[in-house]
Amino acid sequence: MMTNPSFQSFLHRFYQTSKGQSLFRQEKPLIDHALAHVFGLYLVQLGRVSSESLLDNSRVNCKVLLDDKPVMKTDGLYVQADMDYLPIRNDAVDAFVLPHTLESVTDPYHLLRQVDSALLAEGHVLITGFNPLGCRTMRNRFGEHRRHFKAANLIRAHRVVDWLSVLGYDIEQVTYSSISCLTRHDSERGTWGWVETMEKTLGRMGLDFGNVYCILAKKRIASPTPVGLNWRLSNWLIAAKGRQAVVSNRASRHQRMDKDS
């Protein structure tokens, strides 16, 4: 079940405001850079967060937007479906794009397992999310948009990376947007300026406080393990060692008999 089914719809409205556009301009280049490494026939985007296309720089042939709400206009194909039960057969999709999708579901790992089932071997999954430690994220959680951001299931990037690693993915990219507390027309520059200075200092130390993260991961090809062959081979090795031990014992016994005679 969706924990905040209106969060992506809220982002669709929020990204049209001046503050939202400032965040969107940080997120879109991360997506464009990651999509430059993604190829294939079918790409599925789960949920819409902006009236602007997130996939316009993708070189994948067929792009599909899957959302739980009607969409009046889209550049590619559109499917309305429940996000908790993806109507996609196994091993059918070359790439998935999840723009803040994991933040909108109660069980994000369940959704990742569905994505994994539908993804082809060596396929890609691209995930974006708000960094809970990002200054703009914290401001939104306690500012005028706190109702939506507090209801969202905000997840740190390293936790998503752990989930993907367990599912058998190679992490190809983890990128963050710039560290920024302020918008271009922010009237509170004097209040929040010291926070931005501190974040930049921590960023130079390798601590990630960017407002948005983007993760690109590639599904590994599973190497089949010949269980039966291994079982027979191990038994054969044990038997071979046993025969060698018998031969060795016989040889030593004959040598002792020769000496006694």
Side-chain angles (χ1 to χ4, degrees), residues 1-32 34-35 43-58 63-88 93 95-115 118 125-132 134 136-141 143-157 159-160 163 177 210-216:
M1 301 293 292
M2 303 288 283
T3 184
N4 182 21
S6 62
F7 186 61
Q8 286 184 321
S9 298
F10 158 73
L11 288 179
H12 185 263
R13 301 188 303 272
F14 176 66
Y15 276 161
Q16 298 179 46
T17 66
S18 58
K19 291 185 177 181
Q21 272 289 308
S22 177
L23 271 176
F24 183 75
R25 284 194 296 269
Q26 293 183 15
E27 181 171 349
K28 184 62 163 59
L30 302 181
I31 296 174
D32 290 341
L35 286 178
L43 183 151
V44 176
Q45 175 182 328
L46 299 182
R48 184 180 66 152
V49 296
S50 172
S51 56
E52 297 181 39
S53 173
L54 300 179
L55 311 178
D56 51 358
N57 287 327
S58 170
K63 305 177 183 67
V64 180
L65 171 62
L66 190 151
D67 198 277
D68 58 352
K69 294 179 176 61
V71 175
M72 300 302 296
K73 182 180 179 182
T74 179
D75 295 334
L77 300 175
Y78 165 68
V79 175
Q80 183 177 357
D82 189 342
M83 207 74 70
D84 293 313
Y85 303 97
L86 301 181
I88 305 173
V93 179
F96 275 96
V97 175
L98 280 64
H100 303 279
T101 315
L102 298 183
E103 298 169 342
S104 301
V105 294
T106 303
D107 191 348
Y109 190 67
H110 170 70
L111 179 59
L112 282 180
R113 289 198 302 268
Q114 289 191 79
V115 168
V125 57
L126 188 158
I127 299 169
T128 66
F130 290 115
N131 181 10
R136 294 277 292 280
T137 305
M138 289 189 286
R139 291 185 67 182
N140 285 320
R141 292 183 70 181
E144 59 180 310
H145 303 296
R146 59 183 177 274
R147 180 171 66 89
H148 296 284
F149 274 86
K150 283 189 175 181
N153 187 17
L154 301 183
I155 312 166
R156 295 183 65 177
R159 188 178 180 191
V160 179
W163 289 341
S177 66
N211 297 303
V212 183
Y213 62 79
C214 179
I215 300 171
L216 180 66

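You'll find the side chain of F96 stays beyond 4.5 Å of the side chain of T101, heavy atoms only. You'll find the side chain of V93 stays beyond 4.5 Å of the side chain of V64, heavy atoms only. Residues V125 and I215 are not in side-chain contact: their nearest non-hydrogen atoms beyond the backbone lie 4.5 Å or more apart. By the 4.5 Å heavy-atom criterion applied to side chains, V44 and L66 are counted as neighbours.
Inspection of the H110 and Q114 side chains reveals an N or O donor paired with an N or O acceptor under 3.5 Å.
Taking every heavy atom of both residues into account, Y15 and Q21 meet most closely at O-NE2, 2.7 Å. Between L55 and K63, the shortest heavy-atom contact is O-CE, 3.2 Å. A pairwise comparison of heavy atoms in Y109 and W163 identifies CD1-CG, 3.6 Å as the closest pair. When every heavy atom of T137 is checked against every heavy atom of P132, the shortest pair comes out as CG2-CA, 4.1 Å. Scanning both residues, G143 and R146, for their nearest heavy atoms gives O-NH1, 2.9 Å.
Between F14 and H148, the distance from one ring center to the other does not fall under 6.0 angstrom.
Under the side chain to side chain contact (heavy atoms under 4.5 Å, CB included) test applied with I127, the options L46, L216, L98 reduce to a single match, L98. Considering L30, L126, D56 as possible partners of L35, the one that fulfils the side chain to side chain contact (heavy atoms under 4.5 Å, CB included) test is L126.
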* Should M83 and S104 be marked as a side chain to side chain contact (heavy atoms under 4.5 Å, CB included) after you check the CA-CA gap, both sets of side-chain angles, and the distance that decides it? -> CA-CA 10 Å; M83 207 74 70; S104 301; over 6 Å; no
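A side-chain donor-acceptor contact under 3.5 Å links N131 to the backbone of G210. Judged by distance alone, with hydrogens and angles left aside, the side-chain atoms of T128 form no donor-acceptor pair with the main-chain N or O of C214 at under 3.5 Å. Using modelled atom types, one side-chain atom of R136 and one backbone atom of K19 make a donor-acceptor pair closer than 3.5 Å. A donor-acceptor distance shorter than 3.5 angstrom exists from the side chain of E103 to the backbone of F130, with no hydrogens or angles considered. No side-chain donor-acceptor contact under 3.5 Å links S177 to the backbone of E27. The main-chain N or O of R48 is found under 3.5 Å from a side-chain atom of D67 such that the two form a donor-acceptor pair.
For the atom pair H12 NE2 and E52 CD, the distance stands at 9.5 Å (nearest 0.5 Å). In this structure, Q80 CD and L65 CG are separated by 10.5 Å, a value rounded to the nearest 0.5 Å. Residue L154 holds its CG atom at 11.5 Å from CZ of R159, rounded to the nearest 0.5 Å. How far CG of L102 is from CG of N153: 8.5 Å, rounded to the nearest 0.5 Å.
Applying the side chain to side chain contact (heavy atoms under 4.5 Å, CB included) criterion to L54, with sequence neighbours excluded, gives F24, K28, I31, Q45, V49, P99.
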